[in-house]
Amino acid sequence: MNLAQFRQRGPFEWEMPRQGAMRVPGVIFASRELLEAMDAKVGEQLANVAGLPGIVEAAYAMPDAHWGYGFPIGGVAAFDAEAGGVVSAGGVGFDISCGVRTLHTGLKLADIQRVQERLADVLYRRIPAGLGSTGALRLSGQAMGAMLRGGARWAVERGFGSPADLARIEESGCMAGADPSAVSEQAKKRQRDEMGTLGSGNHYLEVQVVDALFDAQAAQAYGLAAGDVLATLHCGSRGMGHQIGTDFLREMVIAAPRAGIALTDRELACAPLKSTLGQRYLGAMRAAINCALANRQILTHLAREAFAELFPGIHMPLLYDVSHNTCKEESHLVDGERRRLFVHRKGATRAFGPGHAELPAEYRTVGQPVLIGGSMGTASWVLAGGGQALAFASACHGAGRAMSRHEALRRWQGRGVVDELASRGILIRSPSLRGVAEEAPLAYKDVGAVVEAAEQAGLARRVARLRPLVCVKG
DNA sequence: ATGTAC
């Protein structure tokens, strides 16, 4: 990235001033080093997003930002419906409501070390993973509609997990305003037998140990102590989200000229919030959010069953569940004025600060848990939402790729990556050695540098670092 | 990310 195009607002905040078609500035939160290493495409895409109708305040990028489809991954943009604002399928991302969920296990590191190989095998046997993987459920048309309206609540009613889980999920596990009739038959067909599956790419189920604490008060509120073992899922809405993205991207490209929206890049396709198409997309996207929440809820049940094979009677309550590919209607202060905004977070995590009414009571004094998935073999992090509510109360979501999948395949072999990690005590199980090579740890940015920049920028503060022990990789 | 592809 060329730093000359930025005005530095602070040590970790860089402004790209308004110019040309930009309606608002672009702002990147990052250290100088992360910004220098960032793909120049992030700057171009941020400027494009800043030119969309009805955008409020600024187009933001998080420290893990990288080149995405239309909008950068690690991007945040909010729109006001009353000011001609838009909703964009590419601004949410194709894996709608992709997210991270972390569970307590009540176990300590020593408990795992005795059974680590067996635990890896049991999890791999019970958790469907990989491209095109299918689960045990086959949803009828009626069940599909109920799932798309009910989300994790639907899954709990079907016996997956417990009602107590719901309080630890954004939106209490059920996204309001879902419209199953806005979801194509093709999207429903693709999802029919994919509930309770991990998927591929950077999705995983990981067993982790808390190996460092940074904020004693927040760690206590979240129930985290050094040596605690956690289980974390990273996955999304599988074929359904992807098909909805594909369907609506096409429609938005076609409809944009009639809505008076000039697209410099077809990947920016969007529709006015106050249009039938915009509202249909929101309804379908919210249904896909529920699909992802239900999917993670079923996977939670499967993970609990797997752990119970080795640890009978184990209790595994949720720490929290975050979605990092969404567009949500939220209330935010802009220049001292409270406004209803449609906040796109694409590869960015909501990070409500202390006192927010939507947080579970036990987390309200310290802020929302912000779950950061590391790359395979590297640390994951638990952060806490900051009090400043920067970038509409958002933070980073992961390490962020440092190179393409193609480049990673050129550099590493899957078997070599598995062996190297095993020598460091990290057991990988995956149906795809090619996928493992694409996900090699060094194909990603340094997640530690990303979360440090997030903290220094005031987006969120570090609470705990998690070291991986077992990883079931899609 | 995704039944790597209307």
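Below, chains carry the letters A, B, ... as their sequence lines are ordered, and counting in each starts from 1.
- Contact annotation: A:Thr246 does not reach the phosphate of B:dT2 (side-chain N/O to OP1 or OP2, under 4.0 Å).
- Residues that satisfy the salt bridge (Lys or Arg N to Asp or Glu O under 4.0 Å) test with A:Glu267, not counting sequence neighbours, are absent from this structure.
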Could you write out each protein N or O paired with an N or O of nucleotides 3-6 of chain B at a distance under 3.5 Å?
residue: B:dG3; atom: OP1; partner: A:Arg190; partner atom: NH2; Å: 3.2
residue: B:dG3; atom: OP1; partner: A:Glu194; partner atom: OE2; Å: 3.4
residue: B:dG3; atom: OP2; partner: A:Arg238; partner atom: NH1; Å: 3.1
residue: B:dG3; atom: O6; partner: A:Gln186; partner atom: NE2; Å: 2.3
residue: B:dG3; atom: N2; partner: A:Arg190; partner atom: NH1; Å: 3.4

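- With rounding to the nearest 0.5 angstrom, the CG atom of A:Leu119 is 9.5 Å from the CZ atom of A:Arg429.
- Here A:Arg405 lies in heavy-atom contact (under 4.0 Å) with sugar-phosphate atoms only.
- Residues passing the side-chain hydrogen bond (donor to acceptor under 3.5 Å, both in side chains) test with A:His301 are A:Glu305, sequence neighbours excluded.
- Counting any heavy atom pair closer than 4.0 Å across all strands shown, A:Gly245 reaches no nucleic acid atom.
- No hydrogens or angles considered: a donor-acceptor pair under 3.5 Å links the side chains of A:Glu330 and A:His332.
- Defined by atom type and a distance below 3.5 Å, a donor-acceptor pair is present between the side-chain atoms of A:Arg101 and A:Gln297.
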